[in-house]
Protein chains: 2
Amino acid sequence: MGRKRTKSGKIRLAEVAELAGVSPITASRFFRNPEALSVAKRTRVESAAKELGYVPNLAARALASQRTEVIGVLIPSLTNNVFSDVLRGIYDASEGSRYSIQLSNTRYSILQEERLLRLFLAQKPAGLIVTGIDQTTESRAMLEAADCPIVQIMEIGPNPVDMMIGFSHYDAARAAIAHLFDQGHRKIGFVGARMDPRVQRRLDGYQSAMKDAGLFEQRLVVTTATPTSVTLGGALFTDLLAREPDIDAVFCANDDLALGVLFECRRREIAVPEQIAIVGFNDLEFMASAVPTLTSVRTNRYEMGKTAATMLIEAIDGRRPEQPVLDLGFKVIERQSSSSRRSDNGPAVSGAAAANKMIALPSSRD
Amino acid sequence: MGRKRTKSGKIRLAEVAELAGVSPITASRFFRNPEALSVAKRTRVESAAKELGYVPNLAARALASQRTEVIGVLIPSLTNNVFSDVLRGIYDASEGSRYSIQLSNTRYSILQEERLLRLFLAQKPAGLIVTGIDQTTESRAMLEAADCPIVQIMEIGPNPVDMMIGFSHYDAARAAIAHLFDQGHRKIGFVGARMDPRVQRRLDGYQSAMKDAGLFEQRLVVTTATPTSVTLGGALFTDLLAREPDIDAVFCANDDLALGVLFECRRREIAVPEQIAIVGFNDLEFMASAVPTLTSVRTNRYEMGKTAATMLIEAIDGRRPEQPVLDLGFKVIERQSSSSRRSDNGPAVSGAAAANKMIALPSSRD
DNA sequence: AGGAACGTTGACAGCGCTACCAGCAACGAC
DNA sequence: GTCGTTGCTGGTAGCGCTGTCAACGTTCCT
């Protein structure tokens with residue numbers, strides 16, 4: 001076969017075009033916008049490409065078209081289960097599309113985020129997914145100046161850069177506390193670790209609910225900047241008990257902490273929920289099979305990632321969503337650990353997936 | 001400023017060269033191999049680049065140089081904690097290097113893996129990290145023909161494609177069973193989910209250890225292809241109990257299953273370890289704080305990812321490791337759930353990080 | 001019948017960078 | 001003094017693809 005090849009031995013578009021008997025540019029169009037070709041040429045190019053095993057050279061395409069087909073994703077952690085669910089959604093949505101994901105880890109540092117953002121933007125990504133709404137002023141300016149669609153994920157708030165998908169951590173925490181009030185609890189502790197902005201907002205929600213009920217005391221709050229873990233949950237709970245031995249419930253900023261609290265209760269032979277109720281956050285899988293089963297606030301992490309990437313890709317392709325801000329809501333999943341009735345599948349308290357959400361206090365439950 | 005700019009408004013290498021008063025090619029060299037320049041020109045180019053805020057165009061570089069600075073990573077799951085640890089190691093090691101990570105999820109399908117491999121290879125990655133040693137014949141051929149360094153991770157075996165880092169799941173399972181024998185257990189069940197090749201090898205290890213002791217029975221093994229979860233652990237254990245009510249220990253193929261078994265024991269009021277001992281696999285963080293604390297086989301996942309990426313980058317840069325196959329070993333962390341002495345921090349059984357490893361049976365413990 | 005409108009195709013000219021090779025000066029060996 | 005050698009620099013020629021625009025044939029309208 002005297003077909004001329006590139007040094008690297010790879011098939012080029014020109015060879016496909018030659019075999020199909022069309023010009024290179026027509027072959028090029030086939031890969032970008034097949035509808036623009038007549039059916040005859042379309043099938044010819046298609047079979048030529050298949051026969052030769054043609055794979056487009058992305059670098060050449062990016063150079064010629066002045067844009068890449070890369071979606072940049074900035075998340076604060078790779079360890080956290082929460083983000084692996086979100087990521088899975090993002091990857092699932094990107095699969096089958098022509099976009100590839102470029103992931104970077106900010107390690108919960110907004111300065112690091114700013115640095116990575118600058119790096120990403122320099123490569124002209126097709127779109128960007130960033131975590132949260134607490135960027136530096138500089139980052140914010142770069143995002144606003146970026147000429148690609150952007151989705152902020154994990155939470156919602158005012159002034160989206162572009163699109164936004166998440167839920168209100170504040171409202172979710174309030175709903176969790178409302179549920180505990182509803183079950184007759186009054187002296188409710190808060191246990192939190194890492195204290196990133198979203199955890200902070202959960203704390204704010206807890207605090208406001210407690211204040212509304214005239215029950216807030218600073219001593220009920222135990223937090224640390226240390227990364228979260230099950231073991232840490234036990235340790236923080238131990239601190240809490242030392243300060244306030246007579247608490248009747250604990251709201252944990254995440255499920256790992258809740259599991260740690262549960263184990264610590266077992267270690268201390270504290271009956272759950274009879275002596276102390278436990279509520280977690282995120283509703284990881286194990287919450288439903290712990291003994292007792294653990295109440296948690298369910299968040300739609302996979303869906304969040306998947307929808308974010310889908311929205312982004314649609315926007316890149318020019319189909320902007322009619323709703324740029326999506327509230328995915330949450331749901332308080334009541335289980336044994338907080339049920340005074342000791343029933344397994346109690347009613348659920350939902351966060352309305354709507355714009356104006358002042359959920360929570362007992363009366364507004366469904 | 002009459003400097004000519006690209007349409008996109010971005011600074012090009014030519015502008016940097018002009019400002020520095022050198023030719024573009026000299027400026028180019030500055031970014032790839034600064035030592036080749038005279039000190040005078042080096043500093044001139046450096047300050048010009050900084051002044052203009054120059055960022056190289058990766059697409060153009062890739063096109064011109066016929067290679068990319070992308071490391072492809074193929075892993076079977078994004079959900080599994082095990083892989084998020086490995087990934088974190090990979091990302092940590094790649095940070096600061098000039099290589100970026102391109103991640104793809106094979107979803108435990110070797111056909112999918114083959115497809116993704118073809119896609120990756122077409123883009124001429126600088127290096128590749130693939131999971132496991134069970135590729136399709138086709139994949140294997142592609143890997144061997146690839147002209148970039150490759151690291152296989154998660155396990156070790158004969159005939160590495162190139163480099164390899166992991167440990168023997170077979171030996172690790174044997175060591176876990178040896179530990180249970182050592183504690184006086186005889187009727188040991190096996191609980192496994194998903195049954196990917198590595199879980200299969202753990203089962204093989206279990207089976208061989210049991211056979212060696214003349215204790216193997218097929219009824220002791222409960223497995224499913226379903227993805228793993230804590231809840232599933234409870235369900236599989238329930239099945240196992242139905243078949244063999246008088247087992248005295250359970251070896252779980254991973255820690256989630258072990259936690260599920262623990263919860264199920266609690267639900268059925270089976271005393272752990274008095275009635276049934278539990279051993280998990282991976283030693284996730286929560287194992288140490290469960291009640292009772294759970295014995296597990298510790299594996300160095302983060303280190304595995306980090307070392308894999310480091311070795312790969314070194315190899316790309318031409319410094320091949322003297323040891324292409326690295327056995328990271330494992331360690332049986334004995335905790336309350338399998339300790340007849342009910343002691344918390346019992347002795348640990350280590351897997352030698354050596355080539356020839358026939359660990360395990362009670363006598364060879366340290 | 002003439003012309004506009006549309007759908008389809010191709011020629012040309014780069015995108016920004018680097019591989020390759022040539023050129024030049026400075027230096028040492030014989 | 002001549003020749004090679006080394007160290008640095010620059011010119012040329014693409015890498016493989018796509019944006020732009022012009023040109024073509026066909027259809028439809030007036």
Side-chain angles (χ1 to χ4, degrees), chain A residues 3-46 48-49 52-70 98 122-124 126, chain B residues 3-46 48-49 52-70 98 122-124 126:
Chain A
R3 225 178 272 119
K4 79 173 174 216
R5 285 279 178 80
T6 171
K7 236 187 322 228
S8 56
K10 274 174 64 183
I11 308 292
R12 285 167 312 176
L13 188 57
E15 276 119 77
V16 176
E18 195 187 352
L19 180 61
V22 300
S23 71
I25 189 65
T26 300
S28 166
R29 267 191 280 263
F30 167 77
F31 293 99
R32 290 173 292 148
N33 183 18
E35 284 73 36
L37 301 203
S38 63
V39 181
K41 304 223 165 180
R42 198 184 310 171
T43 51
R44 292 229 305 276
V45 175
E46 185 166 20
L52 296 174
Y54 172 72
V55 181
N57 179 321
L58 265 35
R61 177 178 289 177
L63 181 59
S65 66
Q66 295 282 62
R67 56 196 161 68
T68 61
E69 291 178 342
V70 169
R98 65 181 187 288
Q123 299 308 324
K124 297 197 160 290
Chain B
R3 227 178 270 119
K4 78 175 175 213
R5 284 280 178 83
T6 172
K7 236 188 322 231
S8 56
K10 274 175 62 183
I11 307 292
R12 285 167 312 174
L13 188 57
E15 275 120 77
V16 176
E18 196 188 353
L19 180 60
V22 300
S23 70
I25 189 65
T26 300
S28 166
R29 266 191 281 263
F30 168 77
F31 293 100
R32 291 173 293 146
N33 183 19
E35 284 74 35
L37 300 202
S38 64
V39 182
K41 303 221 166 180
R42 198 185 309 171
T43 51
R44 291 229 307 275
V45 175
E46 184 166 20
L52 296 173
Y54 171 72
V55 181
N57 179 322
L58 264 35
R61 177 179 287 179
L63 181 60
S65 67
Q66 296 280 61
R67 57 196 159 65
T68 60
E69 291 179 341
V70 169
R98 65 180 188 288
Q123 299 310 324
K124 296 197 161 292

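The figures that follow rest on heavy atoms only: side chains count, while hydrogens, waters and symmetry mates do not. All values reported here derive from a predicted model rather than from experimental measurement. Chain letters run A, B, ... following the sequence lines, proteins first, then strands; residues in each count from 1.
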* Between A:Gln66 and C:dG16, is there a side-chain N or O to OP1/OP2 distance below 4.0 Å? -> yes
* Does the side chain of B:Tyr54 get closer than 4.0 angstrom to OP1 or OP2 of C:dG16 through an N or O atom? -> no
* **Contact residues, residues 27-46 of chain A to DNA chain D [heavy atom, < 4.0 Å]** => A:Ser28, A:Arg32
* **Straight-line distance of B:Leu63 CG to A:Leu63 CG, nearest 0.5 Å** => 5.5 Å
* To do: Please report the shortest heavy-atom distance between A:Glu69 and A:Arg98, naming the atom on each side.
  => OE2-NE, 2.8 Å
* **Residues which pass salt bridge (Lys or Arg N to Asp or Glu O under 4.0 Å) with A:Arg32, listed by chain and number, not counting sequence neighbours** => none
* Which residues share a side chain to side chain donor-acceptor pair (under 3.5 Å) with B:Thr68, sequence neighbours left out -> none
* Asked: Which residues satisfy the side chain to side chain donor-acceptor pair (under 3.5 Å) test with A:Thr43, sequence neighbours excluded?
  -> none
* Specify the separation, in whole Å, of atom CD of A:Glu15 and atom C1' of D:dC15. => 13 Å
* Asked: What pair of heavy atoms forms the shortest contact from B:Ile11 to B:Leu52, and how long is it?
  -> CG1-O, 3.3 Å
* To do: For the side chain of B:Arg67, starting at C-beta, report the closest nucleotide among D:dG16, C:dA19, D:dT9.
  => C:dA19
* To do: Check side-chain contact (heavy atoms from CB on, under 4.5 Å) between B:Ala27 and all other residues, then give those that pass, not counting sequence neighbours.
  => B:Leu13, B:Ala17, B:Val22, B:Val45
* Between B:Ala60 and B:Pro24, which has a closest nucleotide on DNA chain D that is more 5'? -> B:Pro24
Report, one pair per line, the protein and nucleotides 23-27 of chain C atoms (nitrogen or oxygen only) whose separation is under 3.5 Å.
none

* Asked: Quick one: which of C:dG10, D:dG19, D:dG16 gets closest to the side chain of A:Ser65?
  -> D:dG19
* If you look at every heavy atom in B:Phe30 and B:Glu46, which pair is closest and at what distance? -> CZ-CB, 3.6 Å
* To do: Can you tell me the distance, in whole Å, between the CZ atom of B:Arg61 and the P atom of C:dC17?
  => 8 Å
* Structure fact -> Taken to the nearest whole Å, CD1/A:Ile25 to P/C:dG14 is 15 Å
* Asked: To the nearest Å, how far apart are A:Ile11 CD1 and D:dC17 C1'?
  -> 16 Å
* **Protein-nucleotide distance (B:Gln123, atom CD; D:dG16, atom P), rounded to Å** => 12 Å
* Between C:dT18 (P) and B:Leu13 (CG): distance, integer Å -> 6 Å
* Partners passing side-chain contact (heavy atoms from CB on, under 4.5 Å) against A:Ser65 (at least two apart in sequence or in another chain) -> A:Arg61, A:Arg67
* **Partner set under side-chain contact (heavy atoms from CB on, under 4.5 Å) for A:Gln123, not counting sequence neighbours** => B:Val55, B:Leu58
* To do: Would you mind reading off the distance between A:Arg12 atom CZ and D:dG14 atom C1', rounded to a whole angstrom?
  => 11 Å
* **Minimum-distance nucleotide to B:Ala64 side chain [options: D:dG10, C:dG16, C:dA11]** => C:dG16
* Structure fact -> Between CG of A:Leu58 and P of D:dT18 the distance, given in whole Å, is 9 Å
* Could you grab the distance from atom CZ of A:Arg12 to atom CD of A:Glu15, nearest 0.5 Å is fine? => 4.5 Å
* Structure fact -> In short, the helix from C:dA1-D:dT30 to C:dC30-D:dG1 is bent end to end, axes from five pairs each side, to 10°, by 30°
